[in-house]
Amino acid sequence: MVHTTNRYTEGKGGDIEGTGSNGEELQMADDARQPMSRVVPISSSHLTPYRVVIILRLIILGFFFNDRLTHPVNDAYPLWLVSVICEVWFALSWLLDQFPKWAPVNRETYLDRLALGHDREGSLSSLHLLMFLSAQWIL
């Protein structure tokens, strides 16, 4: 939990100098502007083995496509061509799926800051927010 101090100095009668406010609203606004999460680093000892496996799979995929493209089936050329096109499509799909896994990002969410931003009057309650996020996660 992060402890913040009040950086606004109060003037006469509890008002902040020149603002006409007691500082509580400004402090709450500052707390709501703080980041909702932070990036947690992942050690390279966890990522390196997975990256090695990705590189090995790419090498094997290259050998596979080299064999498939250099040895066409002459008796069923249209079927061979459709098969190669589908294999290339699946290979590209797999390759695009590997990009986020090459450098993943873990985030730690500050729930107290999230609650500050959504539990004010006239705003969404955290229950409505969680229901929205749960419903969107299914999609």
To the nearest 0.5 Å, how far apart are [atom1] in [X] and [atom2] in [Y]?
| X | Y | atom1 | atom2 | answer |
| --- | --- | --- | --- | --- |
| Ile42 | Leu47 | CD1 | CG | 5.5 Å |
| Ile85 | Leu81 | CD1 | CG | 4.0 Å |
| Ile60 | Ile55 | CD1 | CD1 | 12.5 Å |
| Ser44 | Arg51 | OG | CZ | 8.0 Å |

Just so I know, are the side chains of [X] and [Y] near enough to count as touching, which here means a heavy-atom distance under 4.5 Å?
| X | Y | answer |
| --- | --- | --- |
| Leu95 | Leu61 | no |
| Pro72 | Val84 | no |
| Val105 | Val39 | yes |
| Val40 | Arg38 | yes |

Can [Y] be reached from [X] by stepping across I, L, V, M, F, W or Y side chains whose heavy atoms are under 4.5 Å apart?
| X | Y | result |
| --- | --- | --- |
| Trp94 | Tyr50 | yes |
| Leu69 | Val88 | yes |
| Leu96 | Phe90 | no |

Looking at every non-hydrogen atom in both residues, tell me the closest pair between [X] and [Y] and how far apart they are.
| X | Y | value |
| --- | --- | --- |
| Glu87 | Phe65 | O-CZ, 3.4 Å |
| Arg68 | Trp80 | O-CZ2, 3.1 Å |
| Pro49 | Ser45 | CD-O, 3.2 Å |

**Asked** Is there a donor-acceptor pair under 3.5 Å between the side chain of Thr70 and the backbone N or O of Asn66?
**Response**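 Pair found, side chain donor or acceptor close to backbone of Asn66.
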**Item:** Check: Trp102 ring centroid to Phe99 ring centroid under 6.0 Å
**Value:**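 Trp102 vs Phe99: aromatic centres not under 6.0 Å.
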**Request:** Dump the intermediate steps for side chain to side chain contact (heavy atoms under 4.5 Å, CB included) on Val73 and Tyr77, then the final yes or no.
**Result:** CA-CA 6 Å; Val73 178; Tyr77 190 79; over 6 Å; no
